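Please read the structure below before turning to the comments.
Here the structure is a predicted model, which means the values were calculated and not measured.
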Amino acid sequence: MVFSHGVLHHILRSTGPQREIARVLRPGGELVLMVYAKWSFNYLIAIGLLRRVGLAALYALNADPAGYMASIS
């Protein structure tokens with residue numbers, strides 16, 4: 001089994017990773033692949049809601065996750 005969750009869409013040239021998947025995947029093997037669709041349930045809840053709530057909580061606590069605010073100003 002080859003498992004990729006939210007990774008391949010970040011790679012500019014996906015032919016290399018595609019070749020590697022084909023190389024390691026046994027005949028009859030299973031590929032589990034997830035890429036984000038902007039209006040999917042996963043995107044709306046995990047990214048759209050939970051991350052924003054977490055960042056809002058850190059902001060309310062006056063915390064700066066890994067220097068995030070300094071990197072955008």
Side-chain angles (χ1 to χ4, degrees):
M1 173 186 284
V2 174
F3 183 84
S4 174
H5 189 272
V7 175
L8 291 178
H9 60 274
H10 293 286
I11 300 171
L12 293 177
R13 295 180 186 190
S14 62
T15 55
Q18 288 174 5
R19 277 195 294 269
E20 183 64 9
I21 290 169
R23 185 185 74 79
V24 300
L25 192 62
R26 292 180 178 159
E30 187 175 350
L31 169 63
V32 178
L33 175 69
M34 192 287 295
V35 292
Y36 295 105
K38 189 162 188 167
W39 298 110
S40 70
F41 181 77
N42 180 53
Y43 183 88
L44 293 173
I45 300 302
I47 296 171
L49 179 63
L50 295 178
R51 285 190 190 174
R52 293 179 203 283
V53 168
L55 286 174
L58 288 171
Y59 182 75
L61 295 171
N62 200 22
D64 186 6
Y68 176 75
M69 297 308 289
S71 69
I72 62 171
S73 50

Applying side-chain hydrogen bond (donor to acceptor under 3.5 Å, both in side chains) as the test, list every pair that has at least one member in residues 20-34; sequence neighbours left out.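 Residue pairs with at least one partner in residues 20-34: Glu20-Arg23.
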Cluster companions of Val32 among Ile, Leu, Val, Met, Phe, Trp, Tyr (side-chain spacing under 4.5 Å):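 In the cluster with Val32 are Met1, Phe3.
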Measuring from His9:NE2 to Met34:CE, what's the distance to the nearest 0.5 Å?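 If we round to the nearest 0.5 Å, His9:NE2 and Met34:CE are 6.5 Å apart.
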With sequence neighbours excluded, residues passing ring pair (Phe, Tyr, Trp, His ring centres under 6.0 Å) with His5: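 None.
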Partner set under side-chain contact (heavy atoms from CB on, under 4.5 Å) for Leu8, not counting sequence neighbours: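 Leu8 satisfies side-chain contact (heavy atoms from CB on, under 4.5 Å) with Ser4, Ile11, Pro17, Ile21, Leu33 only.
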